[in-house]
Amino acid sequence: MVDQNCIFCRIIAGEIPAQTLYEDQLCIAFRDLHPQAPVHVLVIPRAHIESLNEAGQRDEPTLGHLLRVAARVAGEQGLEESGFRTVINTGAGVGQSVFHLHLHVLGGREFNWPPG
Ligand code: AMP
């Protein structure tokens with residue numbers, strides 16, 4: 001059953017189009033609709049986990065996998081040398097707007113630290 005209230009579950013189900021760059025049994029990666037950098041990809045688990053706050057011990061293999069897929073996609077997008085930033089917003093207070101866990105993979109421009 002697809003959670004009709006979750007836009008990312010609907011992307012996984014193919015109900016909403018996305019520019020998919022990678023997919024496997026645990027996750028998919030697609031371009032962000034409102035890119036904040038020349039490369040802006042989201043890596044999301046197929047399982048509906050609302051945020052890191054809801055991730056449990058049984059999700060640890062998936063969480064590790066998401067990080068490796070982030071690096072793989074970044075490399076395929078030509079960011080291995082220049083580097084890339086991975087971001088996970090957890091909670092509306094820091095900017096999470098879609099409550100289906102996702103990693104942002106950003107690159108192709110300069111980034112400041114600390115982040116805003
Ligand atoms: P966050 O604010 O960390 O929850 O990130 C949610 C991200 O999802 C934002 O960068 C949005 O631009 C992106 N987004 C929302 N809807 C879509 C969509 N249909 N396809 C691709 N990216 C989306």
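We count ligands from 1, going down the list as the structure has it; atoms in each ligand are counted the same way.
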Is it the case that the side chain of Gln96 and the backbone of Val98 share a donor-acceptor pair, with hydrogens and angles ignored and the cut-off at 3.5 Å?
yes
Measure the spacing between CG of Leu79 and CZ of Arg85 and express it to the nearest 0.5 Å.
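Reported to 0.5 Å precision, the distance equals 13.0 Å.
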What's the separation between atom NE2 in His40 and atom CZ in Phe30, rounded to the nearest 0.5 Å?
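If we round to the nearest 0.5 Å, His40:NE2 and Phe30:CZ are 9.5 Å apart.
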Could you list the atoms of ligand 1 found under 4.0 angstrom from a heavy atom of [X]?
X     : result
Ile11 : 18 (C), 19 (N), 20 (N)
His34 : 12 (O)
Leu42 : 8 (O), 13 (C), 22 (N)
Phe8  : 8 (O)

Student check: side-chain heavy atoms of [X] and [Y] closer than 4.5 Å:
X     : Y      : answer
Asp32 : Leu106 : no
Arg31 : Leu33  : no
Cys9  : Gln4   : no

Checking a contact table here: which protein heavy atom is nearest [atom], and how many Å away?
atom                    : result
atom 4 (O) of ligand 1  : Ser97 N, 2.7 Å
atom 23 (C) of ligand 1 : Leu33 CB, 3.7 Å
atom 16 (N) of ligand 1 : Ile7 CD1, 4.0 Å
atom 10 (O) of ligand 1 : Asp32 OD2, 2.5 Å
atom 5 (O) of ligand 1  : His102 NE2, 2.9 Å

For ligand 1, does Val87 get within less than 4.0 Å through its side chain, its backbone, both, or neither, judged by non-hydrogen atoms?
neither
With the threshold set at under 4.0 angstrom, would you say [X] reaches ligand 1 through any of its heavy atoms?
X     : result
Arg31 : yes
Ile88 : no
Phe30 : yes
Gly95 : yes

Give the cluster check for Val73 versus Phe84: same hydrophobic cluster or not, with ILVMFWY residues linked at side-chain heavy-atom distances below 4.5 Å.
yes
Would Val69 and Leu63 show up in the same hydrophobic cluster when neighbours are defined by side-chain heavy atoms closer than 4.5 Å?
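Hydrophobic grouping puts Val69 with Leu63.
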Compute both the distance and the angle, then confirm whether Arg109 meets the cation-pi test with Phe111: under 6.0 Å from the six-membered ring centre, within 45 degrees of the axis.
yes
Ligand 1 and Asn89, any nitrogen or oxygen pair closer than 3.5 angstrom?
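Asn89 vs ligand 1: N/O contact under 3.5 Å present.
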N/O separation below 3.5 Å, His104 to ligand 1
yes
Criterion side-chain contact (heavy atoms from CB on, under 4.5 Å) against Val43, the qualifying member of Leu67, Leu66, Thr86, Ile88:
Leu66
